[in-house]
Amino acid sequence: MAYYRTVGTVPPKRHTQHRNEAGGLYYEELMGEEGFSSDSSLLYHRAIPSALVDSRVWALPEGKPEPNHPLKPFHFKLHDLFPGEQWRQTDAVRGRRTVLANADVRIGYAACGRPSPLYRNAVGDECVYVESGAGTVETVFGTLTVGQGDYVILPRATTHRWVPGGDEPLRLYAIEANSHITPARRYLSRYGQLLEHAPFCERDLRGPQGPLLVEDDGDVDIYVKHRGHGAAGLAGTVLVTPTHPFDVVGWDGCLYPYAFNIADYEPITGRIHQPPPVHQVFEGTNFVICNFVPRKVDYHPLSIPVPYYHSNVDSDEVMFYCGGNYEARKGSGIGQGSVSLHPGGHTHGPQPGAYERSIGAEFFDELAVMVDTFRPLEVAEGGRASDDGKYAWSWSGRGPQDGGAK
């Protein structure tokens with residue numbers, strides 16, 4: 001982040017004494033990116049934030065992803081990963097199932113009804129999209145109240161937990177980076193301000209409310225995902241601290257979690273079909289995040305509103321369908337909670353008939369989150385378990401089960 005905030009109490013000068021009412025010192029922590037050469041925040045703790053009493057292995061649930069070979073597109077039905085009432089016994093951290101992964105990003109999904117343990121991703125930032133449901137994200141910086149359509153950006157190593165609310169599952173689409181995630185640079189000034197032509201602005205971003213202080217002196221588990229030599233280069237550890245990490249009386253800086261609702265994204269439209277970069281919202285190293293929202297569509301008298309057939313020669317394209325009715329995919333079985341993977345090397349586009357049906361349309365009521373990756377994605381456990389097994393053949397109407405090529 002590049003926008004300064006302050007929450008709670010901080011001393012007037014950084015790196016100076018900050019004392020409580022009894023005269024004791026608070027413990028200052030500098031949380032900074034890129035070797036303290038980029039964005040940072042200063043947090044003031046009641047207890048020493050480095051204190052540990054134990055450390056044990058957390059066996060990460062994800063198995064080794066498998067290459068997409070032989071190459072083909074996929075349709076994953078994510079709601080099938082949590083059938084029936086299974087979500088009631090699931091939390092957003094330990095129950096998250098990885099669908100796709102490469103060396104830069106992992107895409108996972110969870111439908112949950114239980115509070116998660118305290119969690120810290122030390123590998124990279126997370127961008128978590130709330131498909132449906134409501135809850136709170138409790139963090140060392142304070143609390144974010146979140147609901148349907150919210151993107152939640154969690155900086156690397158932020159201690160937090162997800163607390164579902166209500167009687168419906170909290171459905172989360174998690175994009176875990178091996179880098180930092182920022183607003184699209186194409187919309188930022190050289191000083192970090194969102195520019196006039198950007199489809200959202202700083203007023204649309206919600207920072208944490210706080211401070212969040214937990215009065216608990218017992219030992220506390222913190223689940224940490226960190227760099228290692230296991231599946232996808234990841235390892236897991238449970239760190240045990242003698243006091244609760246939510247003891248920050250105040251903080252200030254430009255590094256903190258925040259939320260942005262997709263309904264506040266103002267789409268860019270034109271007389272003819274606009275290419276995917278106009279839908280971009282965030283980016284990380286070797287991937288971008290875009291969203292397709294309800295919008296007025298192409299108004300040239302000869303326009304064809306659905307996308308033209310296209311080959312994104314540098315990227316794999318992942319589309320998460322999370323609302324409305326996605327015009328280009330009618331007839332393919334794709335619906336709410338579906339994910340399509342169109343890998344580099346495969347020309348893709350509208351389903352048969354959608355090209356022609358779109359002529360004359362003035363408005364698309366659709367909602368989707370897209371991730372484009374610049375390295376090939378592999379199919380992880382959650383993807384294998386939710387594959388519909390037939391999407392690749394949906395443009396031709398026949399596949400291997402029908403005898404394949406003729």
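Predicted model only: the values in this text are computed from it and were never measured.
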Hits for side-chain contact (heavy atoms from CB on, under 4.5 Å) against Ser311, two or more places apart or cross-chain, chain-then-number order -> Val313, Thr347

- request: Would you mind reporting whether Met319 and His348 have side-chain heavy atoms less than 4.5 Å apart?
  value: no

Under 3.5 Å, is there a donor-acceptor pair between the His75 and Tyr321 side chains?
-> no

Decide whether His15 and Glu28 meet the rule of one side-chain donor and one side-chain acceptor closer than 3.5 Å.
-> yes

*Please determine, by modelled atom types, if Asn261 and Asp204 share a side-chain donor-acceptor pair under 3.5 angstrom.*
no

Exercise for the section: I would like to know whether Cys112 and Leu172 meet side-chain contact (heavy atoms from CB on, under 4.5 Å); could you show each step before the answer? Expected result: CA-CA 8 Å; Cys112 47; Leu172 304 175; 4.2 Å; yes

### Within-4.5 Å side-chain heavy-atom neighbours: Val293 and Leu367
yes

For residues 80-87, please give each side-chain donor-acceptor pair under 3.5 Å, one per line with the distance, not counting sequence neighbours.
unit_1	atom_1	unit_2	atom_2	d
Glu85	OE1	Arg88	NE	2.3
Glu85	OE1	Arg88	NH2	3.3

**Heavy-atom donor-acceptor pair, Tyr265 side chain to His279 backbone, under 3.5 Å** = yes

Contacts satisfying ring pair (Phe, Tyr, Trp, His ring centres under 6.0 Å) that involve residues 370-390 (not counting sequence neighbours) are none

| message | I'd like to know if Arg46 and Glu215 make a salt bridge, using a cut-off of under 4.0 Å between side-chain N and carboxylate O. | response | yes

Across all chains, not counting sequence neighbours, the side-chain contact (heavy atoms from CB on, under 4.5 Å) partners of Thr243 are Ala47, Asp217

With side-chain contact (heavy atoms from CB on, under 4.5 Å) as the criterion, how do Tyr151 and Val369 come out once you've worked through the C-alpha distance, each side chain's angles and the decisive distance to 0.1 Å?
CA-CA 10 Å; Tyr151 287 104; Val369 174; 3.4 Å; yes

Note to self: Between Tyr309 and Tyr355 (judged by ring centroids, cut-off 6.0 Å), do the two rings come close enough to count as a pair?
What the structure shows: yes

Would the Phe260 and Tyr258 ring centres measure less than 6.0 Å apart?
no

Could you go through residues 113-122 and list every donor-acceptor pair under 3.5 Å that involves a side-chain atom there, pairing it with any protein atom two or more places apart or in another chain?
unit_1	atom_1	unit_2	atom_2	d
Arg114	NE	Gln89	OE1	3.4
Arg114	NH2	Gln89	OE1	2.6
Ser116	OG	Trp162	N	2.9
Tyr119	OH	Asn121	ND2	3.4
Tyr119	OH	Glu126	OE2	2.6
Arg120	NE	Thr159	OG1	2.9
Arg120	NH2	Thr159	OG1	3.0
Asn121	OD1	Val123	N	2.8
Asn121	OD1	Gly124	N	3.3
Asn121	ND2	Glu126	OE2	2.8

So, for Tyr173 and Phe320, is the gap between ring centers shorter than 6.0 Å? yes

Without hydrogens or angle criteria, can the side chains of Ser394 and Gln351 be said to hold a donor-acceptor pair below 3.5 Å? yes

Next on the checklist: When you compare the side chains of Glu29 and Tyr44, does any donor N or O come within less than 3.5 Å of an acceptor on the partner?
Outcome noted: no

Quiz item: Are the aromatic rings of Phe282 and His180 close, with centres under 6.0 Å apart?
Solution: no

Taken to the nearest 0.5 Å, the spacing of Phe74 CZ from Asp387 CG works out to 5.5 Å

- Establish, from distance only, whether the side-chain atoms of His160 and Glu138 form a donor-acceptor pair under 3.5 Å. no

Quick one: does any side-chain atom of Trp395 pair with a main-chain N or O of Pro350 as donor and acceptor, under 3.5 Å? yes

Are Arg56 and Asp221 close enough for a salt bridge, meaning some N to O gap below 4.0 Å? yes

Note to self: Tell me whether Gln336 contacts the main-chain N or O of Cys322 through its side chain, where contact means a donor paired with an acceptor under 3.5 Å.
What the structure shows: yes

Could you tell me if Glu202 and Gln193 have a donor-acceptor pair between their side chains, going purely by distance under 3.5 Å?
no

Return yes if some donor-acceptor pair links the side-chain N/O of Asp150 with the main-chain N/O of Gly147 below 3.5 Å, else return no. yes

So the salt bridge (charged side-chain N to carboxylate O under 4.0 Å, His left out) pairs with at least one residue in residues 288-305 (sequence neighbours excluded) are Arg295-Glu366

- Asn291 and Tyr129: side-chain contact (heavy atoms from CB on, under 4.5 Å), yes or no, with the steps? CA-CA 11 Å; Asn291 45 215; Tyr129 179 79; over 6 Å; no

#### Entry: Between Arg106 and Asn178: side-chain donor-acceptor atoms closer than 3.5 Å
yes

task = Please step through ring pair (Phe, Tyr, Trp, His ring centres under 6.0 Å) for the pair Tyr26 and His45, ending with a clear verdict.
result = CA-CA 5 Å; Tyr26 292 120; His45 294 264; 9.9 Å; no

Check: Within the distance-only criterion (no hydrogens, no angle test), does the side chain of Glu283 pair as donor or acceptor with the backbone N or O of Arg185 below 3.5 angstrom?
Finding: yes

Go through Val105 and Thr373 one step at a time and tell me if the side-chain contact (heavy atoms from CB on, under 4.5 Å) criterion holds.
CA-CA 8 Å; Val105 64; Thr373 69; 3.8 Å; yes

Is the side chain of His346 donor-acceptor paired with the backbone N or O of Gly344 at a distance under 3.5 Å, no angle test? no

Quiz item: Within the distance-only criterion (no hydrogens, no angle test), does the side chain of Arg171 pair as donor or acceptor with the backbone N or O of His79 below 3.5 angstrom?
Solution: no

Checklist entry - Where the side chain of Asp125 meets the backbone of Ile181, is there a donor-acceptor pair that is under 3.5 Å apart? => result yes

Exercise. Ion pair present between Lys64 and Glu378, side-chain N to carboxylate O less than 4.0 angstrom?
Worked result: no

(request) With the side chain counted from C-beta on, respond yes when Phe200 and Leu194 share a heavy-atom pair under 4.5 Å apart, and no when they do not. (result) yes

Main-chain N/O of Pro305 paired to His273 side chain as donor or acceptor, under 3.5 Å:
yes

